Structure formats: C-alpha cells, structure tokens
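Keep in mind that what you see is a predicted model, and the values were worked out from it rather than measured. Computation of the quantities below employed the complete heavy-atom set of this structure, encompassing side-chain atoms and omitting hydrogens, waters and symmetry-equivalent molecules. Just follow the structure's listing: the first ligand is 1, and inside any ligand the first atom is 1.
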Amino acid sequence: MQHRSIFNSMLTAKNKVYLKLIPICCVLTACFAMLFGCADPSTPKQSEQTDTTATQKIKIGLSIESLRVERWPKDRDIFIAEAEKLGAEVIVQSADGDERRQNEQAENMITQGVDVLVVIPKDSVAAAQIVQAAHADGIKVIAYDRLIRESEPDLYISFDNEKVGYLQAEYLYRQKPKGNYFLLGGAPTDNNARLLRQGQMRALQPAIDSGDIRLVAEGKHWAVNWDARDALNKAEQVLTQTNNMVDAVVASNDGTAGGVIQALEGQNLAGKVLVSGQDAELAACQRIVKGTQTMTVYKPIHLIATKAAQAAVALAKDEKITEATQTVNNGKIDVPSILLTPIQVDKDNLEEVVIKDGFHTREAVYQE
Ligand code: BGC
C-alpha cells in the first residue's frame with residue numbers, strides 16, 4: 001500500500017509538470033504556426049483572408065462641382081451603383097460651385113486614402129492642383145465630363161463637346177439660314193463652354209462670312225456658372241439692345257435655355273425665336289413639346305457614368321483603359337480620352353431617343 005501511495009504521489013507530481021508544460025507547448029505551437037503562415041502566404045488563415053479583402057476594397061473619391069444642374073445627381077447615382085457593383089466604395093463630395101472648396105474637398109479625400117479621384121471640375125484650370133496633389137500621393141485622376149487643363153490627368157471621359165456645340169448651332173441654322181443670332185455660352189471657367197463655342201462657330205462661320213448670319217450683342221456671350229438667372233438677365237439686355245431683333249439664340253445647355261425662354265416670354269417671343277439646349281432636362285423636353293424650345297442635345301448619362309466607374313476601378317488596379325483610343329490636348333499633355341457621341345433631339349425624335357432610353361417617362365414629358 002505504502003509503495004502504491006508513493007507511486008500515486010509520483011504520478012501526481014508528473015501530471016503537475018505536464019500541466020505546467022501545456023501552456024508553453026501551446027505558445028510554441030502558435031509561434032510555429034505563425035512563422036509557418038508567414039513563410040507560406042498561399043495558405044492564409046480565415047481571419048487573415050477577411051482582413052486582406054477588407055483592406056483591398058477599392059476606394060473612389062467623386063468630387064462634383066455642384067449638384068444644381070439636373071443631370072449631376074443622375075451622374076452621381078449611376079456612378080455609385082456601378083462602382084459598388086464592381087466591389088468598390090465611393091466617397092462623394094459636392095463643392096456647391098466653389099472651386100476653392102472643391103480643391104479642399106479633394107485634398108481631404110486624398111488624406112482619406114482614396115485609390116482614384118474622379119473630378120467634375122468647377123474650374124478647369126484651378127483643378128490642376130487636384131491632379132498634382134493626387135499624383136504626389138500616387139493617386140490616379142479621371143476628369144469626368146469636363147477636362148482638367150494644364151496638368152496630367154490619367155483619363156478624360158466625356159461626350160464630344162465640340163460636336164454638341166456643332167449640333168446645337170447646325171440645327172438652328174437649318175431652320176433659319178439667315179438672321180440675327182445670339183450665342184450664349186456656358187460658364188467661362190468650364191472647358192466645355194469653350195469647346196461648345198468652337199463647334200457652334202464651325203457650324204455658323206460660313207454663313208457669318210457670307211453675311212447671312214449676323215452675331216448680335218458682342219460681350220454678352222457667357223452665362224456665369226451656367227446660371228439660368230444670369231442667362232435670363234443677359235437675354236433681356238440683348239432683346240432691349242437689339243429692339244427684339246433676334247432670330248435665334250444658341251443657348252449652350254437647357255438650364256440657360258430656360259432663362260432665355262423666360263426672357264422671350266416677357267416679350268411675347270417664346271416659340272418665335274429659335275433656342276437650342278443640351279442635356280434633355282425634363283423641363284426642356286416639355287418645352288420642346290410645347291414649342292418654346294427648338295431642340296436639345298441628348299447625352300446618355302448611364303453611358304458616361306458606368307464607363308467612368310469601370311475605368312476608375314481599372315485604374316485603381318493599375319489596368320490599362322483600352323477604350324481610351326483618343327487623346328485631347330489640355331495645354332500640357334495629350335490626355336487619353338473616351339469621347340461619347342451626343343444626339344440631336346427635337347420634337348420628332350424625342351420619344352424615340354430620350355423616352356425609349358428610359359431617361360424620362362412619356363407621362364412626365366407629355367404631362368399626360
Ligand atoms: C456639361 C453640361 C451641363 C453644364 C452645366 C457642362 O460641363 O457638359 O451637360 O449642362 O456643364 O452643369
């Protein structure tokens with residue numbers, strides 16, 4: 001018995017030693033596993049897999065000049081939906097028409113660690129700073145709809161804006177090959193406004209040279225900030241100066257066309273003077289049906305927004321944008337570009353083009 005009890009107590013002592021060894025073994029095993037795990041990255045643990053995916057989620061910064069014009073919230077929403085579909089996350093900032101604020105917001109998004117910045121610049125020149133700041137942090141930049149000048153953006157995606165301007169003026173010219181024309185441009189800070197003007201002049205120059213078309217109101221040519229109220233004021237001034245002798249107004253977008261048409265209404269001239277536009281805004285489509293606006297230019301927003309989101313994700317992955325087959329010079333470099341095709345719209349093809357594309361409902365346009 002004595003022998004047995006000594007044996008039992010020896011066993012207990014041994015067990016005690018084993019018990020003390022267990023935690024040490026565990027720690028050693030864990031260290032070994034960790035070392036082994038590091039040496040073989042092909043077999044990460046489940047928790048590591050989740051972490052890697054989380055840190056790899058692409059973050060896109062979308063900097064919008066302002067959301068005041070009808071199209072921009074659509075651009076934003078379609079862009080976000082496509083980016084999220086591709087597994088990316090989008091941070092959106094709107095600068096409410098203030099270029100300094102836009103630059104600050106962009107800086108902020110850079111600090112937040114976005115992988116790509118997509119910029120709709122308020123001021124095509126001031127936004128060059130955004131490109132420089134982003135590039136300093138290795139972040140790629142897409143100029144969305146509006147070119148960023150004097151810098152090196154990685155991609156420019158837009159519609160062919162020179163063509164938009166051409167389509168506006170060409171349409172009015174076909175309706176009225178002789179007469180007094182008032183060209184009302186968009187915001188002078190927006191590179192698109194210049195391109196539109198170039199296209200408008202391409203359509204009208206031969207008739208101006210031959211004297212068939214006379215441009216009225218030198219110096220009243222640009223609507224500050226694309227503002228409809230400024231367009232209204234300028235149109236009123238021009239009507240006063242010319243004693244209402246205006247046959248056509250080449251307005252550069254639908255918002256400013258709205259201002260012009262309000263001024264014409266004040267003189268009982270709405271529907272008698274031709275007015276162009278751009279964007280196929282709902283109010284513009286309704287005016288086309290009513291006959292107070294002559295035409296607009298439709299630019300499928302779903303195309304530009306989805307392509308831009310796809311390009312942003314591709315750039316974040318350092319992939320090449322194969323669709324950027326063109327270049328546009330921005331004063332510094334030839335920027336790789338995707339330029340989509342705009343479509344002339346009047347009352348005859350409104351349904352076929354704008355409504356069929358799902359841009360507006362038939363009920364909304366025809367107010368049925
Ligand atoms: C866009 C137009 C828009 C205008 C005012 C331009 O840069 O191309 O579609 O109407 O800005 O926001």
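With respect to the salt-bridge test (charged N to carboxylate O, under 4.0 angstrom), the residues Glu170 and Arg174 qualify.
In the model, Glu323 has no side-chain atom that pairs as donor or acceptor with a side-chain atom of Gln310 under 3.5 Å.
Smallest separation of non-hydrogen atoms from Met109 and Leu117: CE-CD2, 4.0 Å. Between Asp160 and Pro342, the shortest heavy-atom contact is O-CG, 3.8 Å. Closest of all the heavy-atom pairs between Ala280 and Asp254 is N-OD2, 2.8 Å.
In this structure, the protein non-hydrogen atom closest to atom 1 (C) of ligand 1 is Asp145 OD2, 3.2 Å. Considering only non-hydrogen protein atoms, atom 4 (C) of ligand 1 sits nearest to Trp226 CE2, 3.5 Å. For atom 11 (O) of ligand 1, the closest non-hydrogen atom of the protein is Arg146 NH2, 2.8 Å.
Proximity of Arg71 to ligand 1, defined as any heavy-atom pair under 4.0 Å, is confined to the side chain (atoms from C-beta onward). Neither the backbone nor the side chain of Glu65 has any atom closer than 4.0 Å to an atom of ligand 1 (non-hydrogen atoms only).
Under a 4.0 Å criterion applied to the non-hydrogen atoms of Asp190, ligand 1 contributes the atoms 6 (C), 7 (O), 11 (O). Heavy-atom proximity to Lys299, at under 4.0 Å, picks out these atoms of ligand 1: 1 (C), 2 (C), 8 (O), 9 (O).
The cluster map of Ile, Leu, Val, Met, Phe, Trp and Tyr, joined by side-chain heavy atoms under 4.5 Å apart, puts Phe79 and Phe159 in the same cluster.
Ligand 1 lies within reach of Trp72, whose nearest heavy atom is under 4.0 Å from it.
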For this session: Using the side-chain contact (heavy atoms from CB on, under 4.5 Å) rule, take Val119 and Arg146 through it: C-alpha gap first, then chi angles, then the decisive distance, then the call.
Result: CA-CA 8 Å; Val119 184; Arg146 301 175 175 176; over 6 Å; no

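Taking each of Asp279, Asp254, Asn253 in turn, the one with a heavy atom nearest to atom 2 (C) of ligand 1 proves to be Asp279.
Of the polar atoms of Asn161, none of the N or O atoms is found under 3.5 Å from an N or O of ligand 1, judged by distance alone.
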